[in-house]
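What follows is one structure encoded as structure tokens, with my remarks underneath.
Sequential numbering from 1 along the given sequence is applied to the chain's residues. When a ligand or atom number is given, it counts from 1 through the structure's own listing order.
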Amino acid sequence: ERFDPGRFLDEQGHFKANEAFMPFSTAKRRASVRTCRRAAYPKVTDASPLQVRDKYGPVFTVYLGSQRVVVLWGYEAVKEALVDQAEEFGGREGLALVERTSKGNGLFFSNGETWRQLRRFSLTTLRNFGMGKRSIEERIQEEIQFLLEEFRKTEGTPLDPTFVLRRSVSNVICSVVFGARFSYEDEEFQKLLSLIQANLRRVDTVWVKLYNLFPAVMDHLPGPHNRLFENFEEQKRYVAGVVQKHRETLDPSSPRDYTDAFLIRMQQEENDPDTKFHHENLIVSALDLFFGGTETTSTTLRYGLLILLKYPHVTARIQEEIERVIGQDRTPCMEDRPKMPYTDAVIHEIQRFVDVFPLGAPHSVTRDTQFRGYAIPQGTAVFPILHSVLHDPMHFDDPETFDPRHFLDKEGGFQKNAAFMAFSAGKRVCPGEGLARMELFLFFTSILQSFTLSSPARPQDLDITPEYHGFSKMPRRYQMRLVPR
Ligand code: HEM
């Protein structure tokens, strides 16, 4: 940190070059970042999976700055890695950004024993919290009634459904993790959601991208990236407040939600110095579930409704199925799904077409690994590109087209497809899959049972191509009318 021209002088006082003098970076490094960006973030709208695979093969390496990343492209490569070599490919690569915010805590960005224990605990708890008194299905059905009421209030005037869908979906995970739902107008609730949104937008800024490439330098620089860290701390403080209220009213014989179950486990293991059930892990895991349970599901719903506006004949067929199986006298429930193959196929197709998490989450290899003749050293980052699986032309005819027949057999029955990996696969497969699939079915069917949807724009003018934000894919903003049926 000292100013000293002597660094560039030799013993005789002549100028001396220093290899570490790189204020302009190096031509080689700059070139590699450029070429790699193209490969790692293909513009999926104009490069078909076949084009990328033909050019680079199903397994290729890119450099993000100086970091080497192995990219897996297409169903076969992703499945062989995540499913057939699940143990090796089950690690999580931490971006510098997350290392500073989560610090190895929580479920999403942890590894080793911490991840194993938190994952097992979270899966069991999510399964049980259909917990105790009310099942998860009932919690979702209850939340949907609030949403439908909100829709009724519009009296058929056009509405941008973004905020109300996000609040409603978020309430479901709030109910499971924190034991309570919030009014859609609740200021604290809106604040928490807006903090998350603000950080999602920041992930896209040059400052944050630079932070991920050069954390040691950026840690010491002022700039908008610091707001992201302050923002995350604010989210943690909010959850810490909720946890404190739970502590004060905890009844160990009757856990109300995920937070209670975690606090009970903390008490049981309080004398174990190596316990993974401590305050920080509770806060970050709760935020992981809250975030994971809000954005992905609500974006899928919002995108799905836009697609249904675009294709009214698909909507009409779902409504026929609703009339036949459910009718108008009761609310939809999960037992209806096996009897509604067309609706099930449409929801799968929405998830496939929308592919909200196109790059997937970054993995890493947990040990030195042999894969398709390549030697991948322990700790190497691996990106299983889920977009390339969900749009793999070997498994979906005409994958760029929205077509529910991708999940229907010739008799009109629902047909599974192994390449449906919207929730990823293997050791890290999304632990919220069951909850999300339940939400998607109940939200879509309840909305279509109660309302006729229409758009102020003509269906042929609706643009269903995506916008990209950080790691996620979003629909363009739109308006819709909901008229009670
Ligand atoms: C992980 C997709 C809903 C919580 C993931 C991953 C994907 C994904 C692709 C990365 C898996 C990997 O590392 O390979 C989705 C989609 C959803 C959804 C498409 C809805 C449509 C949810 C819900 C929750 C949730 C409702 C909360 C209950 C998580 C968590 C992880 C995760 C905590 C990290 C798991 C781990 O690292 O072990 N999700 N998810 N997700 N998801 Fe979801």
Side-chain angles (χ1 to χ4, degrees), residues 72 78-79 81-83 86 89-95 98 102 104-112 114-127 129-130 136 139-140 143 165-166 168-178 257-258 281 284-304 347-348 350-366 381-390 420-444 471-474:
L72 304 177
V78 171
K79 184 247 174 198
L82 299 193
V83 180
F89 285 88
R92 176 71 79 221
E93 172 63 17
L95 304 169
V98 212
S102 304
N105 292 308
L107 179 53
F108 207 109
F109 283 102
S110 59
N111 274 305
T114 300
W115 170 73
R116 235 182 305 284
Q117 292 207 24
L118 292 179
R119 174 136 181 136
R120 199 176 311 133
F121 170 81
S122 300
L123 280 172
T124 319
T125 312
L126 284 176
R127 213 170 295 132
F129 266 94
I136 287 198
R139 286 172 201 241
I140 300 172
E143 184 55 43
L165 283 177
R166 186 179 292 137
S168 186
V169 167
S170 180
N171 259 335
V172 172
I173 195 72
C174 276
S175 161
V176 174
V177 178
F178 303 132
D257 48 39
Y258 181 90
N281 266 337
V284 182
S285 299
L287 273 172
D288 285 346
L289 291 175
F290 184 73
F291 177 71
T294 298
E295 268 323 297
T296 41
T297 315
S298 68
T299 305
T300 309
L301 275 173
R302 184 161 95 250
Y303 216 143
I347 295 173
H348 276 78
I350 286 173
Q351 282 205 268
R352 185 200 73 78
F353 183 81
V354 161
D355 96 88
V356 280
F357 223 156
L359 300 183
H363 283 231
S364 68
V365 284
T366 55
V382 177
F383 276 36
I385 307 291
L386 296 183
H387 171 84
S388 71
V389 181
L390 294 170
F420 177 77
M421 280 195 191
F423 297 97
S424 188
K427 296 270 174 204
R428 290 273 178 173
V429 65
C430 173
E433 174 172 357
L435 171 60
R437 282 166 45 74
M438 214 186 270
E439 287 180 278
L440 292 176
F441 178 77
L442 295 174
F443 272 84
F444 276 124
F471 279 86
S472 55
K473 224 169 127 181
M474 305 254 174

Between CD on residue Glu433 and CG on residue Leu123, distance to nearest 0.5 Å: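 Between atom CD of Glu433 and atom CG of Leu123 there are 11.0 Å.
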Give, for atom OG1 of Thr125 and atom CG of Leu118, the distance between the pair rounded to the nearest 0.5 Å. 10.0 Å
Which is it for [X] and ligand 1 at heavy atoms under 4.0 Å: side chain, backbone, both or neither?
X      : answer
Lys427 : neither
Thr300 : side chain
Phe108 : both
Phe109 : neither
Val176 : neither
Leu82  : neither
Val429 : neither

For [atom], closest protein heavy-atom neighbour:
atom                    : answer
atom 12 (C) of ligand 1 : His363 NE2, 3.2 Å
atom 7 (C) of ligand 1  : Phe357 CD1, 3.4 Å
atom 10 (C) of ligand 1 : Ala361 CB, 3.7 Å
atom 18 (C) of ligand 1 : Thr296 OG1, 3.2 Å
atom 26 (C) of ligand 1 : Gly293 CA, 3.4 Å
atom 29 (C) of ligand 1 : Pro431 CD, 3.7 Å
atom 40 (N) of ligand 1 : Cys430 SG, 3.1 Å

Per the side-chain contact (heavy atoms from CB on, under 4.5 Å) rule, which among Leu301, Ile140, Leu440 passes with Val169? Leu301
Short list, please: which atoms of ligand 1 are under 4.0 Å from a heavy atom of [X]?
X      : answer
Val356 : 19 (C)
Arg119 : 35 (C), 36 (C), 38 (O)
Ala436 : 3 (C), 20 (C)
Ile173 : 27 (C), 28 (C)
Leu386 : 9 (C)

Ligand 1 contact by [X], heavy-atom criterion under 4.0 angstrom:
X      : answer
Phe291 : no
Gly360 : no
Met421 : no
Glu433 : no

Partner residues of Arg120 under the side-chain hydrogen bond (donor to acceptor under 3.5 Å, both in side chains) criterion, sequence neighbours left out: none
When you compare the side chain of Val429 with that of Leu82, does any pair of heavy atoms fall below 4.5 Å?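 No, side chains not in contact.
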Scan Phe290, Phe178, Phe121 and name whichever one has a ring pair (Phe, Tyr, Trp, His ring centres under 6.0 Å) with Tyr258. Phe121
Evaluate Gln351 for polar contact with ligand 1, using N/O atom pairs at a separation under 3.5 Å.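 For ligand 1, there is no N or O atom that lies under 3.5 Å from one belonging to Gln351.
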Look only at the side chain of Arg139 and the backbone of Ser175, and say whether a donor-acceptor pair between them is shorter than 3.5 Å.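 It does hold such a pair.
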Taking Asn111 for its side chain and Gly91 for its backbone only, find out whether a donor-acceptor pair lies under 3.5 Å. no
Indicate the ring-plane relationship of His348 and Phe420, choosing parallel, tilted or perpendicular according to the 30° and 60° boundaries. tilted
